[in-house]
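Each chain gets a letter, A, B and so on, in the order the sequences are listed, and its residues count up from 1.
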There are 2 protein chains.
Amino acid sequence: MEQHYSRDILKQQIIEAGLKATHQRIVVYEALHELHGHHPTAEEVFQRLRPVNPSISLGTVYKTLDSFAERELVKRVLSEEGGKRYDANNLAHNHIYCSNTKEIMDYQDEELEALLVSFFQKRNMENFEIKSISVQLTGTKKDPDKQISITRTE
Amino acid sequence: MEQHYSRDILKQQIIEAGLKATHQRIVVYEALHELHGHHPTAEEVFQRLRPVNPSISLGTVYKTLDSFAERELVKRVLSEEGGKRYDANNLAHNHIYCSNTKEIMDYQDEELEALLVSFFQKRNMENFEIKSISVQLTGTKKDPDKQISITRTE
DNA sequence: TTTACTGCAAAATGTTTGCATAAGG
DNA sequence: CCTTATGCAAACATTTTGCAGTAAA
């Protein structure tokens, strides 16, 4: 489940995005992978990094996340709560949001993607080029302490 | 296109939501209807109301929008930009987001809703009750000055 | 060596809170 | 009346900015 990314690989990706691979950027990027699916704010990334990197500054984390988002190394996550949240780029474009616990969970579903792509091919969007389609399920966990699981019935 | 809501009707809805229908709440609610589809922030609502209601305070607008959202009179709109945005409740759960102009446009599509509802009935969501499904199309307007139009081809 | 990035601190924004006064039911 | 909402100002939180010093390429 927890995937490992070596710093060398992360460094490479930062360089490929056209940015200098500073130590701060590498550890921010690493933290985003470790927190993948948790959609942290700049503050949360900063708090996670601080113990090990005492000299890092919050301003740098803000700037770093901004530049990552601009270069599409990470994506900004939609939020109703009104703070900027980030996630390491990945394939899951869909989110499940629990309005009780405020959790935002990633949700990947190939079949859903395919369905939507084919749906929007049949729609004629004049003057708009679709870059991505994402679905947000809002609702409530029946048992806040348990996980949500999704299986196909059919 | 621009739909009219009399203050009496708005007042009625506020009361039905279990809130006292103060003048401030009525004009905030009215502004949200007038700005429907524009997804304003508290600040934007405040600026709109100020000329006609010089005594209204920004704090009240914040509190009002909060209580409206809590009572589900209005909905909070998802944003990547990290500010709280609101909209009068309506049937369109889908948004089209232009990453160049930062516009968020409402998009209603019965057929899409039906497709998704039936899709998720076939998925077995353990421990989660879906309240609403919304689709976000991210992309770019080809001509920033023109409107986006959507037609069915098939 | 040159350019771009960092850290720091201050400023700018955005949002919430507490409380005395005012208004709704 | 009694309760709840308002306005105001202060507190708090979040994000951006400017700049001198530092590190990457």
* Side-chain-base donor-acceptor pair under 3.5 Å for A:K84 and C:dG14 -> no

* To do: Would you state whether a donor and an acceptor, one from the side chain of B:K11 and one from the base of C:dG25, lie under 3.5 Å apart?
  => no

Write down the distance between [atom1] ([X]) and [atom2] ([N]), rounded to a whole number of angstrom.
X     : N      : atom1 : atom2 : result
A:F68 : C:dA4  : CZ    : P     : 17 Å
A:K63 : D:dT17 : NZ    : P     : 10 Å
A:D66 : C:dT6  : CG    : C1'   : 15 Å
B:E81 : D:dT15 : CD    : P     : 12 Å
B:R71 : D:dA5  : CZ    : P     : 8 Å

* **Five-pair end axes of the helix from C:dT1-D:dA25 to C:dG25-D:dC1, angle between them (10°)** =>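 The helix from C:dT1-D:dA25 to C:dG25-D:dC1 shows an end-to-end axis angle of 50°.
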
* Asked: Under the salt bridge (Lys or Arg N to Asp or Glu O under 4.0 Å) criterion, do B:E30 and B:R7 qualify, and how do the steps go?
  -> CA-CA 7 Å; B:E30 184 179 48; B:R7 293 199 172 174; 2.8 Å; yes

* Asked: By a strict heavy-atom criterion of less than 4.0 Å, which residues belonging to residues 12-27 of chain A are in contact with DNA chain C?
  ->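 Correct list: A:K20, A:T22, A:Q24, A:R25.
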
* Using a heavy-atom distance cut-off of less than 4.0 Å, which residues of residues 37-59 of chain B contact DNA chain C? ->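 Heavy-atom contacts with DNA chain C come from no residue of residues 37-59 of chain B; none.
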
* Are A:Y97 and A:I133 grouped together when hydrophobic residues (ILVMFWY) are joined by side-chain heavy atoms under 4.5 angstrom apart? -> no

* Asked: For the rings on A:F68 and A:Y86, is their centre-to-centre separation under 6.0 Å?
  ->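 No, ring centres 6.0 Å or more apart.
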
* Structure fact -> Heavy-atom nearest pair, A:I148 first then B:N127, reads CG1-O, 4.0 Å

* Any pair counted as salt bridge (Lys or Arg N to Asp or Glu O under 4.0 Å), so long as it reaches residues 72-91 of chain B, sequence neighbours left out ->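 Applying salt bridge (Lys or Arg N to Asp or Glu O under 4.0 Å) to every pair that reaches into residues 72-91 of chain B, excluding sequence neighbours, yields B:E44-B:R85, B:D66-B:R76.
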
* Residue pairs passing the salt bridge (Lys or Arg N to Asp or Glu O under 4.0 Å) test where at least one lies in residues 14-24 of chain A, sequence neighbours excluded ->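 Salt bridge (Lys or Arg N to Asp or Glu O under 4.0 Å) check on residues 14-24 of chain A returns no pairs.
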
* Asked: Given a cutoff of under 4.5 Å between side-chain heavy atoms of I, L, V, M, F, W and Y, with clusters grown through shared members, what are the other residues clustered with A:L78?
  ->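 Taking Ile, Leu, Val, Met, Phe, Trp and Tyr as members, A:L78 shares its hydrophobic cluster with B:L78.
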
* Asked: Parallel, tilted or perpendicular: which fits the ring planes of A:H39 and A:H95, with parallel below 30° and perpendicular above 60°?
  ->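 Rings of A:H39 and A:H95: perpendicular, over 60°.
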
* Asked: OP1 or OP2 of D:dT15 sitting under 4.0 Å from any side-chain N/O of A:Y62?
  ->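 For A:Y62, the contact criterion (side-chain N or O under 4.0 Å from OP1 or OP2 of D:dT15) is met.
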
Can you find a pair of side-chain heavy atoms, one from [X] and one from [Y], that are under 4.5 Å apart?
X      : Y      : value
B:P144 : B:N100 : no
A:R48  : A:E34  : yes
B:L115 : A:L115 : yes

* To do: Using a heavy-atom cut-off of under 4.0 Å over every strand shown, decide if A:G83 touches base, sugar-phosphate, or nothing.
  => sugar-phosphate

